[in-house]
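Read through the structure below, which is laid out as structure tokens, and then see the notes.
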Amino acid sequence: MKRRQMIFGIGVVAILVALFTWNFSRGRQSTSTSQSQSTTSSQTTTASTSLQTDSDLSGDNDVLVVYFSRTEGVWNGPLEIGHTKVIADYITNATNADQYEIIPAVAYPEEYEAPADQAREEQEADARPAIANELPDISGYETIFIGAPVWWSEYPMIVRTFLDAEAERLADKTLVPFTTHLGSGLGNTQRQLESQFPNATVLDGFTVRGEDKTVQNAEGDITAWLNEIGVTK
Ligand SMILES: Cc1cc2nc3c(=O)[nH]c(=O)nc-3n(C[C@H](O)[C@H](O)[C@H](O)COP(=O)(O)O)c2cc1C
């Protein structure tokens, strides 16, 4: 009898141990499954976030935002993002546009005064400073925003390099100037587009003072302006 009880007891213990082990390993499996599910879902989130960002800055409609901006050698700089670029990004997002940055082949000096002199000399010489990056194919775009800081009341001459290089294709587009400035507003930028491209439609431009807070808070004004000129997503 005692022997039978002992065998029965050992059997019960063995079953309990087996059940515990099975349950424990299931628990671990289900934890690691949910971990891997959560990894997958966080990967999905990351992927869709980066897609979202991509589509924000690389739209598929017929609007292109061209801009020149600097982070060094600007008033109250150095900046993390150039004042004009902040505005370019707002316009790009609001219109689901593509973007092209004009990058100088030779960077402008980093102090505030030196580029001011250089810009003046370039203007007096009617220079066309070289652009480092490949020009975009603008043939598929209807509306092209062209933005820059005002330099001595005008577009920086490197923007004129872009305008001249693309003159044929810009001739019948809708062109929209935008600037940041420290007092001159749009300066002569809109007039420059109107006189160089008499057959283009030049819409009223946007301008804002090149101060950190002011440019960062400009999104509402930009949306209102885009509605006014009828260029939206
Ligand atoms: C070379 C140079 C010339 C400038 N000329 C003018 C000007 O004529 N009128 C004006 O309002 N601001 C002028 N500024 C100020 C810039 O337009 C202003 O700081 C702008 O927001 C800079 O933009 P960014 O940060 O995108 O480069 C000039 C700045 C520089 C460096």
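We count ligands from 1, going down the list as the structure has it; atoms in each ligand are counted the same way. Here the structure is a predicted model, which means the values were calculated and not measured. Note that these values count all heavy atoms, side chains included, but never hydrogens, waters or copies made by symmetry.
Looking only at side-chain heavy atoms (C-beta outward), L226 and T223 stay at 4.5 Å or farther from each other.
One finds the CD1 atom of I102 at 7.0 Å from the CD1 atom of I158 (value rounded to the nearest 0.5 Å).
Between E72 and R70 there is no salt bridge, since none of the side-chain N atoms of the basic residue sits less than 4.0 Å from a carboxylate O of the acidic one. The pair E194-R191 fails the salt-bridge criterion, with no side-chain N (NZ, NE, NH1 or NH2) lying under 4.0 Å from an Asp/Glu carboxylate O. A salt bridge does not link D164 to R160: none of the charged side-chain nitrogens sits closer than 4.0 Å to a carboxylate oxygen.
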Hey, can you pull the donor-acceptor pairs under 3.5 Å for the side chains in residues 142-155, sequence neighbours left out?
unit_1, atom_1, unit_2, atom_2, d
W152, NE1, A116, O, 3.0
E154, OE2, N188, ND2, 2.9
Y155, OH, I146, O, 2.8

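Using a 4.0 Å heavy-atom criterion, the residues that approach ligand 1 are S69, R70, V74, L79, G82, H83, T84, P115, A116, A119, P149, V150, W151, W152, S153, T180, H181, L182, G183, S184, G210.
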